[in-house]
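Taking it in order: structure first as C-alpha cells, then the write-up.
All residue numbers refer to positions in the sequence shown, counting from 1. Just so it is clear, the structure is predicted and the values come from calculations on it, not from any experiment. Remember, it's 1-based here, ligands and their atoms both numbered in the order they're listed.
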Amino acid sequence: MQHQTIARRHGEGASTMPVWAATAAPGPELAPLTAEVEADVLVIGGGIAGMTTALHLAEAGIDTVLLEGGQPGSQATGWSGGLVAPDYIRHTPETIGAVIGRQQGERLTRMIGGSARAVFDLIERHGLDCDARPEGFFTPAHTEQLAHSQRAYANQWQVRGYDVRFVEAREAREQFGVDRYCGALRFGDGGSINPLGYVRGIARAAQGQGAWLFAESPVQTLAREGGRWVARTPSGAVSARRVVLAANGGNARLHPALERTVLPLHVVQFATAPLDTRQREAILPNGGAFTDKVPYLFTARLDAQGHLISAFPNSFLVRGEKAHLREAARRLKQHFAAIAEPRIDYIWEGVAQVNPSFLPELYDLGDGALAIQADNGRGIGINTQLGIEMAAAIATNSREALSVTPRVPQPIRLHAGAAMLPKLLMSIARLSN
Ligand SMILES: Cc1cc2nc3c(=O)[nH]c(=O)nc-3n(C[C@H](O)[C@H](O)[C@H](O)COP(=O)(O)OP(=O)(O)OC[C@H]3O[C@@H](n4cnc5c(N)ncnc54)[C@H](O)[C@@H]3O)c2cc1C
C-alpha cells in the first residue's frame with residue numbers, strides 16, 4: 001500500500017524539520033545579546049535579507065549589529081525550497097512599466113534578472129558551502145497556449161541581455177523526466193542552493209568582516225530614544241543611528257506602520273529519500289530546478305544527497321500532517337513516471353509573506369529606518385540583491401543604489417479576511433488538480 005512506502009525521519013507526527021537542518025554546513029556559534037551596545041546600523045532579522053545587508057555593511061566598514069530572534073535562517077529562509085529563480089511572479093519586463101513607470105520598471109527588471117547571478121557570485125566570492133547548483137531554473141508550460149506566450153516572453157529577457165530561452169516539449173521531457181509539459185522557459189542563470197547553508201555561510205562571512213551578530217535575541221521593542229533607535233531584547237539593548245527591519249513576518253510586530261501589509265501563503269515542502277540510480281537517470285538528469293505555472297504549483301529540484309525536493313501550496317482541502325504526506329506522494333506519482341512508490345523522508349510547512357503587489361517592497365519608516373518586505377515566496381535571489389543594495393544605499397547616504405523606491409507602507413484593507421485568500425484560492429486550484 002502506498003502509505004507503507006512513505007518513511008519519515010523525525011518524531012511521531014508526519015512533519016519533520018526541513019531537510020536542510022540535516023544537510024546544511026554548520027553556521028558560526030552566535031551568542032545572545034547580554035549587554036547594552038551602540039552601533040551605527042542595527043539590522044533586525046537573520047534571514048537572507050538581513051544577513052546579506054549586514055555582510056555588505058560590514059564590508060563597507062560600517063559598524064553593524066544584527067539581532068536574530070532564533071538562529072540564522074530559522075524562518076522563511078531555512079524553510080524554503082532553495083530554488084534560485086530570476087523571474088517575475090506576476091509581471092513581465094514589458095508589463096511592469098505600466099505598474100511602476102517605464103524607467104523604474106527597467107531598473108527592477110535588471111535587479112530581478114541579475115538576482116540569481118548575485119547569489120552564485122556571492123557564494124563564489126566567499127566560498128560559501130551551500131550545495132550551489134547553477135544549473136538553470138525552468139518554468140514549464142502545461143498548455144500550448146502558455147507555451148506560445150512563453151516563446152515571446154523569452155524574447156523580452158533576451159533583448160535585455162539575459163540568458164533566457166524556450167525549450168520545446170521533447171527537450172523539456174528529457175530535462176525533467178515529466179511527460180505533461182508543452183515546453184519550458186529556461187533561465188540560464190538560475191538554479192538551486194541549500195538555503196540554510198547559504199544564510200549560515202553569509203553569517204560566517206559577515207562575522208569575518210566585523211559585523212556583530214547575536215542569535216536568540218528577539219527584539220521586543222523598537223523605539224526612538226534621544227534621537228536614536230533603541231531595540232530591546234530579553235537581556236540587552238542596541239542603540240543605533242539607523243535601522244533596517246528585515247524580520248519578514250516579524251516586521252509587523254516591530255513597527256505599527258508594518259501591521260497588515262502582507263498575506264500568508266502556506267507552503268508544504270517535502271524531500272524524498274535519496275533517489276536510486278534508475279530514478280536519477282530519469283528525473284532531472286542534467287540538474288536544474290523548476291516551478292510550473294499552474295496555480296496549484298509543482299516544483300522540483302535535487303540536492304547533493306540525491307533527495308528530490310518539491311512543494312505544494314497548502315489549502316483547506318488537504319488538512320493535517322498525514323494528509324500532507326499522502327498529497328506529497330500523489331503529486332510525485334502524478335508527475336514522475338520513475339517514482340512508483342514515493343518514500344518521503346522530510347516534510348515541513350512554511351509560511352511565505354506575500355505582498356499584494358507580488359513585487360519586492362522597501363518601506364521608509366522615517367528617522368533613518370527602512371524595512372525590507374520582499375518574501376513573496378521568491379526571496380532567495382531578490383532578497384540577496386536587496387541586502388546588497390540596502391547596504392550600498394546606507395554606506396553612500398544615497399538611495400541611488402536601490403532598485404526599489406522605498407515608500408510609505410499601506411495596510412491591506414479588510415486584512416483579516418484577505419489573509420484567508422491565499423489558502424482559499426489554493427483550495428479552488430486544488431479542486432482542478
Ligand atoms: C515554504 C517556503 C518555500 C520557499 N521556497 C522558495 C524558493 O524555492 N525560492 C525562493 O526564492 N524563495 C522561496 N521562498 C521564499 C524565501 O524563503 C523568502 O523570500 C526569503 O527567505 C525571505 O528572507 P528574509 O530574510 O526576508 O526573511 P526570513 O528568512 O523570514 O528572515 C527573517 C528573520 O527575522 C527573524 N525575526 C523575526 N522577528 C524578529 C524579532 N522581533 N527580532 C529579531 N529577529 C526577528 C526571524 O527569526 C527570521 O530569521 C520560500 C518560502 C517558504 C516559506
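Electrostatic pairing of R430 and E327 counts as a salt bridge here, judged by a charged N lying under 4.0 Å from a carboxylate O.
The aromatic rings of F176 and F138 sit perpendicular to each other, their planes meeting at more than 60°, with 30° as the lower class boundary.
From the protein, the heavy atom lying nearest to atom 40 (C) of ligand 1 is V219 N, 3.7 Å. Looking at atom 36 (N) of ligand 1, its nearest protein heavy atom turns out to be A247 CB, 3.8 Å. Nearest to atom 15 (C) of ligand 1 among the protein's heavy atoms is D375 OD1, 3.2 Å. Annotation: atom 44 (N) of ligand 1 to nearest protein heavy atom, G69 N, 2.9 Å. Looking from atom 13 (C) of ligand 1 to the surrounding protein, the closest heavy atom is G377 O, 3.2 Å. With hydrogens left out, the protein atom closest to atom 31 (O) of ligand 1 is G47 CA, 3.4 Å, a heavy atom. At the shortest separation from atom 8 (O) of ligand 1 among protein heavy atoms lies L83 N, 3.0 Å. The nearest heavy-atom contact from the protein to atom 24 (P) of ligand 1 is N383 ND2, 3.6 Å.
Around CZ of R133, the count of heavy atoms belonging to other residues, nucleotides or ligands within 6.0 Å exceeds 12.
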- Going through the checks in order, is the side-chain contact (heavy atoms from CB on, under 4.5 Å) test met by L362 and R407? CA-CA 7 Å; L362 297 180; R407 62 185 184 90; over 6 Å; no

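Counting heavy atoms closer than 4.0 Å to ligand 1, residue T233 contributes nothing at all. Neither the backbone nor the side chain of A311 has a heavy atom within less than 4.0 Å of ligand 1.
Considering G70, S115, G81 only, the shortest heavy-atom separation from atom 5 (N) of ligand 1 involves G81.
Not a single heavy atom of G249 sits less than 4.0 Å from an atom of ligand 1.
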